[in-house]
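Predicted, not measured: the structure shown is a model, and the values here were computed from it.
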Amino acid sequence: MASVFLHHVVGDLTVGKPELVEFAETETVEAAIRAIGESSEGGIPVWKKRSQKSVIENAEMRQQRFVGILNSFDVVAFLAREECLTDQAKAIKTPVSEVIIHNNSVLKVVDPGTRLIDALEMMKQGVKRLLVPKSIVWRGMSKRFSILYNGKWLKNIDTSSANNTNPIANTNHPSSSSSTATIRDKFCCLSREDVLRFIIGCLGALAPLPLSSIASLGVINPNYCSIEASCPAIDATKKLPQDPCAVAVVEPTSDGQYNIIGEISASKLWKCDYLAASWALANLSAGQFVMGVEDNMSARSLPDIVLNQMVGEANLGNGGSPTRPKKFSSRSIGFFGNAANSNFWVGRSMYRGRSAPLTCKVTSSLAAVMAQVLSHRATHVWVTEAENDDILVGVVGYADILAAVTKQPVPTSSESQPS
């Protein structure tokens with residue numbers, strides 16, 4: 001395990017982070033869609049409102065008010081319900097409390113002095129957000145000036161520093177949870193994306209692990225959710241994927257394996273047209289949903305579909321014009337931007353636009369996969385065989401990456417033999 005995780009604390013990652021603005025469970029789905037578009041990992045933490053604003057909350061009280069994380073997949077699945085498609089105007093005014101999957105364990109309130117290695121362990125166990133109190137004296141200097149003793153951070157109890165007027169000398173001791181002054185009721189939120197950005201900046205300290213293949217590190221998770229392309233797309237919502245929140249759309253091969261042709265996930269639905277995507281999810285096959293159905297298809301063309309899209313405040317991308325009918329196409333979902341092709345199932349490579357799944361090979365290095373996740377702001381990467389770019393073998397998500405970078409190195413044969 002790299003010492004960088006021992007010599008850094010959570011407070012180092014919060015420098016410059018904005019204050020958390022809580023999203024209440026009483027807000028509407030319409031408001032949630034706007035908030036999700038500005039969030040990381042395609043999801044937003046949702047909270048119960050404070051009963052008494054005059055009461056100062058402690059960490060436990062704030063943890064109890066946390067409801068769960070609402071993501072784009074949850075919203076599209078909700079809007080794809082029959083009753084929501086019948087009255088979309090009413091559906092987008094639904095309180096978030098009726099949509100969100102309650103899960104209080106995916107966020108934890110931690111002290112700024114919490115060691116980074118401990119935070120990583122939490123995230124490996126399923127925590128997706130860390131809520132950190134804002135500090136007024138945190139200087140983010142733990143890497144250079146940290147003092148570690150039996151795995152515990154020492155408090156700044158040097159009596160000589162009490163009379164020391166040199167401010168630089170005083171920074172030679174880390175601020176612990178007891179010595180770091182925090183701003184009451186002001187927190188910032190760290191996501192796994194924030195942590196991964198920090199880690200990728202420290203790849204040198206992790207050598208040679210980042211250059212090792214994901215197969216050799218045992219990072220690939222074979223337990224992924226999938227759905228065949230011929231099945232209704234709505235069946236993806238029955239899979240209830242948690243982490244990553246993604247369902248692979250696959251086609252079976254003659255030898256019993258599966259080709260991946262796309263995915264239905266929170267990452268792909270992050271900034272889509274939610275009303276158009278919900279109609280497509282409810283009415284199309286999984287293959288049609290991810291590959292793109294164009295308006296001018298010939299032999300397999302679908303009838304023109306009109307969506308009564310609520311706009312103005314309810315409009316999710318058309319600039320506040322009055323209510324108007326909208327014809328469905330894959331462009332309106334936001335998946336597909338290439339020219340239309342008259343043959344839907346032929347020439348799959350021609351349809352690899354935004355709908356194409358993010359993939360890597362079993363031989364890809366850990367550093368390459370981390371770079372893919374960050375550059376695409378994705379929560380996962382699908383893994384294919386080294387010889388065949390389409391044969392799906394597994395998935396790599398945040399938890400898998402964090403498990404790899406914190407894994408204890410395996411001693412060599414020479415190291416394991418007694419002297």
Side-chain angles (χ1 to χ4, degrees), residues 29-30 32-33 36-37 42-43 70-92 94 96 98-101 224-242 244-251 260-295 297 300-310 314-317 325-337 344-345 351 353-357 378-380:
V29 170
E30 176 188 347
I33 291 172
I36 289 173
L70 181 71
N71 61 42
S72 52
F73 187 94
D74 299 327
V75 174
V76 172
F78 168 75
L79 293 175
R81 297 177 185 176
E82 183 177 354
E83 62 272 19
C84 294
L85 292 174
T86 303
D87 190 348
Q88 293 178 331
K90 179 181 178 182
I92 62 174
T94 303
V96 164
E98 299 181 21
V99 181
I100 189 171
I101 299 174
Y224 56 87
C225 295
S226 66
I227 182 175
E228 291 194 12
S230 58
C231 296
I234 194 67
D235 287 356
T237 63
K238 302 174 184 177
K239 298 290 183 177
L240 298 176
Q242 294 298 318
C245 186
V247 178
V249 179
V250 299
E251 288 181 330
I260 181 169
I261 66 170
E263 65 174 292
I264 303 175
S265 65
S267 296
K268 287 292 183 181
L269 296 170
W270 183 13
K271 297 185 178 182
C272 71
D273 183 325
Y274 284 75
L275 297 180
S278 62
W279 178 89
L281 191 70
N283 291 277
L284 302 182
S285 71
Q288 291 171 330
F289 184 86
V290 300
M291 297 291 282
V293 179
E294 295 307 305
D295 298 31
M297 286 168 51
R300 295 181 176 85
S301 62
L302 296 178
D304 288 343
I305 303 299
V306 173
L307 297 175
N308 291 321
Q309 183 177 20
M310 300 304 296
N315 189 342
L316 310 177
K326 182 176 181 181
K327 186 166 63 173
F328 166 77
S329 77
S330 58
R331 291 189 194 88
S332 67
I333 297 181
F335 287 156
F336 182 65
F344 177 71
W345 291 107
Y351 288 89
R354 286 186 61 193
S355 62
T379 57
H380 59 282

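The nearest pair of heavy atoms linking A229 to V249 is CA-CG1, 3.8 Å. Residues A80 and S278 approach most closely at CB-O, 3.4 Å, considering heavy atoms. The heavy-atom pair separating I227 from A236 by the smallest distance is CD1-N, 3.7 Å. When all heavy atoms of S226 and K239 are compared, the pair lying nearest together is O-CE, 3.1 Å.
Taking OG from S265 and CZ from F73, the interatomic distance works out to 8.5 Å, rounded to the nearest 0.5 Å. The line from OG of S72 to CD1 of I33 is 10.0 Å long, rounded to the nearest 0.5 Å. In this structure, CD in E251 is found 11.0 Å from CD1 in I260, a value given to the nearest 0.5 Å. For the atom pair SG (C245) and CD1 (I264), the distance works out to 11.0 Å, reported to the nearest 0.5 Å. If you take OH on Y224 and NE2 on H380, they are separated by 12.5 Å, rounding to the nearest 0.5 Å. One distance of note links CD1 of I261 with CD of E263; it measures 11.5 Å at 0.5 Å rounding.
Atom CD of E83 sits in a crowded spot, with more than 12 heavy atoms from other residues, nucleotides or ligands closer than 6.0 Å.
The backbone N or O of I36 lies less than 3.5 Å from a partner atom in the side chain of W270, making a donor-acceptor pair. No donor-acceptor distance shorter than 3.5 angstrom exists from the side chain of K268 to the backbone of G262, with no hydrogens or angles considered. Without hydrogens or angle criteria, N283 side chain to W279 main chain gives a donor-acceptor distance under 3.5 Å.
Remark: of the listed residues T94, L85, I92, L281, I92 is the sole one forming a side chain to side chain contact (heavy atoms under 4.5 Å, CB included) with L79.
Looking only at side-chain heavy atoms (C-beta outward), I100 and D74 stay at 4.5 Å or farther from each other.
A donor-acceptor contact closer than 3.5 angstrom is absent between the side chains of S285 and S230.
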